[in-house]
Amino acid sequence: MTTPDALRTQLSGVIAFPVTPFHDDLSLNLAGLRHNLQALKNAPICAVVAAAGTGEFHTLSPDELKQVIEVTVAEIGGRVPVLAAAGINTALGVEQAKQAQAAGVDGLLLFPAYYPTADDDALLAYYKTLADATPLGVLIYSRDSFNPSPALVQRLADSIPNLIALKDGQGDTRRLQQIMHKVGERLHWIGGAGDDAVPGYYSIGIRTYTSSIANLSPQISRQLHDTAATGDQDALAELMQRYVLPLYTFRARRKGYEVSVMKRLMDKIGLVGGPVRPPLADLRESEYAELELLATLWRSER
């Protein structure tokens with residue numbers, strides 16, 4: 001089993017967030033998942049997260065989540081660490097954590113509780129309960145309603161020995177800088193708001209980010225990391241203008257498109273995406289011509 005400290009040392013660069021493919025009837029497409037992972041396993045990434053936000057974690061049954069994790073662990077084959085999502089509530093999150101450990105993952109990404117207005121003491125109890133369920137290293141995901149203060153992140157770090165990292169999904173670099181200043185090197189810091197946030201994250205010293213673009217071209221994801229990390233602003237700006245901003249502008253058009261656009265693009269470049277499950281929104285028929293223009297660009301990077 002990978003220790004928390006060992007996992008932390010491996011989290012540098014690009015963390016891939018594979019989609020969870022579905023058939024047209026919205027059933028799980030495990031063959032499609034295997035196909036995608038085979039294309040990803042030798043890519044220049046540092047870790048893979050099975051069925052997280054981009055993988056529609058919140059729409060999967062416990063058995064489906066188990067299948068996705070098992071397939072991911074098997075296909076990646078130990079080349080890089082595999083993490084799995086857990087959360088929503090304490091009972092389910094503990095079950096998910098233990099299930100993921102049994103499947104052979106290297107760590108856990110803890111999602112916020114469904115209850116959006118808990119106070120800090122209750123949030124601390126929630127995350128500690130999930131983290132205590134296994135000896136695996138855990139990352140806490142700041143997203144949606146869970147936007148912790150520097151003081152709360154310090155309390156989490158002090159109270160959860162196997163907490164190794166905070167993944168920021170807010171994109172507020174001012175607040176994140178304050179958290180990093182408060183907690184320091186006790187945690188590893190991961191940019192998680194999107195590939196389009198790489199310039200901001202790397203400008204404050206972050207050197208690991210979670211990439212959904214890795215579904216399309218992990219090589220582009222790695223180039224984003226390398227150019228931002230080395231301070232090559234001209235090369236970074238070119239990548240942003242050519243690849244990232246057109247894609248993210250399309251994704252921002254409608255809630256749910258951060259996943260559905262990626263999946264439909266994958267369908268067009270030789271990978272497997274399929275539809276999204278409600279409450280995410282799928283593309284409108286009128287948008288497929290525009291999607292094809294993006295696909296032409298991304299096919300050239302396969």
Side-chain angles (χ1 to χ4, degrees), residues 16-37 48-72 84-93 95-96 99-100 109-117 141-147 167 169-171 192-196 210-216 247-269 271-292 294-295:
F17 269 48
V19 303
T20 300
F22 300 128
H23 295 289
D24 288 343
D25 65 358
L26 298 184
S27 62
L28 204 56
N29 184 348
L30 293 178
L33 177 61
R34 290 188 184 94
H35 175 78
N36 295 342
L37 291 169
V48 172
V49 185
T54 302
E56 298 178 74
F57 165 64
H58 293 95
T59 75
L60 300 177
S61 72
D63 183 62
E64 288 175 328
L65 179 60
K66 178 175 181 287
Q67 292 181 68
V68 170
I69 293 170
E70 289 175 343
V71 167
T72 305
I88 301 178
N89 62 54
T90 51
L92 185 57
E95 178 184 350
Q96 291 164 340
Q99 175 178 275
L109 178 63
L110 304 184
F111 273 64
Y114 85 98
Y115 185 69
T117 56
Y141 192 177
S142 169
R143 58 172 284 167
D144 303 324
S145 63
F146 180 64
N147 190 9
K167 169 176 150 58
Q170 308 290 347
D195 302 82
D196 60 333
T210 59
S211 174
S212 61
I213 280 179
N215 283 288
L216 304 172
L247 175 59
Y248 271 75
T249 299
F250 197 161
R251 285 167 43 128
R253 185 175 298 173
R254 192 177 178 202
K255 291 181 179 179
Y257 273 21
E258 67 275 9
V259 179
S260 53
V261 169
M262 305 306 294
K263 295 182 83 171
R264 293 306 189 180
L265 266 176
M266 291 172 71
D267 287 333
K268 287 184 171 291
I269 66 171
L271 297 166
V272 184
V276 293
R277 285 179 174 175
L280 298 184
D282 217 332
L283 270 65
R284 300 181 176 96
E285 287 296 324
S286 60
E287 293 172 316
Y288 276 90
E290 184 176 353
L291 186 74
E292 180 58 39
L294 282 177

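Residues T59 and T20 are not in side-chain contact: their nearest non-hydrogen atoms beyond the backbone lie 4.5 Å or more apart. Between K263 and N215 the shortest side-chain heavy-atom distance does not fall below 4.5 Å. Between S145 and T117 there is no side-chain heavy-atom pair separated by less than 4.5 Å. The shortest side-chain heavy-atom distance between S142 and N147 falls under the 4.5 Å cut-off. Contact of the H23 side chain with the P275 side chain is not registered, since no non-hydrogen atoms from C-beta on lie closer than 4.5 Å.
Across all non-hydrogen atoms, the minimal contact from G53 to V259 is O-CG2, 4.1 Å. Summarising the geometry of A51 relative to V68, their closest heavy-atom pair is CB-CG1, 3.8 Å, with the distance given to 0.1 Å. Summarising the geometry of M266 relative to N36, their closest heavy-atom pair is CE-ND2, 3.5 Å, with the distance given to 0.1 Å. Nearest heavy atom pair, residue A295 against residue K268, reads CB-CB, 3.8 Å. Contact detail for L60 and G55: the closest heavy-atom pair is CD1-O, 4.1 Å. In terms of heavy-atom proximity, D267 sits nearest to G273 at OD1-N, 2.8 Å.
In the displayed structure, D25 atom CG is contacted under 6.0 Å by more than 12 heavy atoms of other residues, nucleotides or ligands. The environment of Y114 atom OH is sparse: at most 12 non-hydrogen atoms of other residues, nucleotides or ligands sit within 6.0 angstrom.
K167 contributes a side-chain N or O that, together with a main-chain N or O of G192, makes up a donor-acceptor pair within less than 3.5 Å. For the pair E56 (side chain) and R277 (backbone), a donor-acceptor distance under 3.5 Å is present. Side-chain N or O atoms of E287 include none that pairs as donor or acceptor with a backbone N or O of E285 at under 3.5 Å. Not one N or O on the side chain of D144 forms a donor-acceptor pair closer than 3.5 Å with the backbone of P112.
To the nearest 0.5 Å, atoms CD (Q96) and CG (L110) are separated by 10.0 Å. Rounded to the nearest 0.5 Å, atoms CG (L283) and CZ (R254) are 8.0 Å apart. A distance of 14.0 Å separates CD1 of I213 from CZ of F17, quoted to the nearest 0.5 Å. In this structure, L271 CG and M262 CE are separated by 10.5 Å, a value rounded to the nearest 0.5 Å. Interatomic distance, OG1 of T72 versus CZ of R34, reported as 10.0 Å (0.5 Å rounding). If you take CD on Q170 and CZ on F146, they are separated by 9.0 Å, rounding to the nearest 0.5 Å.
Ring-plane geometry between F111 and H58 is classed as perpendicular, the angle between the planes exceeding 60 degrees on a 0 to 90 degree scale with a lower cut at 30.
When the options D196, L265, V261 are evaluated for a side chain to side chain contact (heavy atoms under 4.5 Å, CB included) with R251, the one that passes is V261.
Between the side chains of S260 and D282, no donor-acceptor pair is found at a separation under 3.5 Å. Between the side chains of D63 and S61, no donor-acceptor pair is found at a separation under 3.5 Å.
Using a cutoff of 4.0 Å between basic side-chain nitrogens and carboxylate oxygens, R253 and E290 are scored as salt-bridged.
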Going through the distances and angles, do S212 and D195 end up as a side chain to side chain contact (heavy atoms under 4.5 Å, CB included)?
CA-CA 7 Å; S212 61; D195 302 82; 3.5 Å; yes
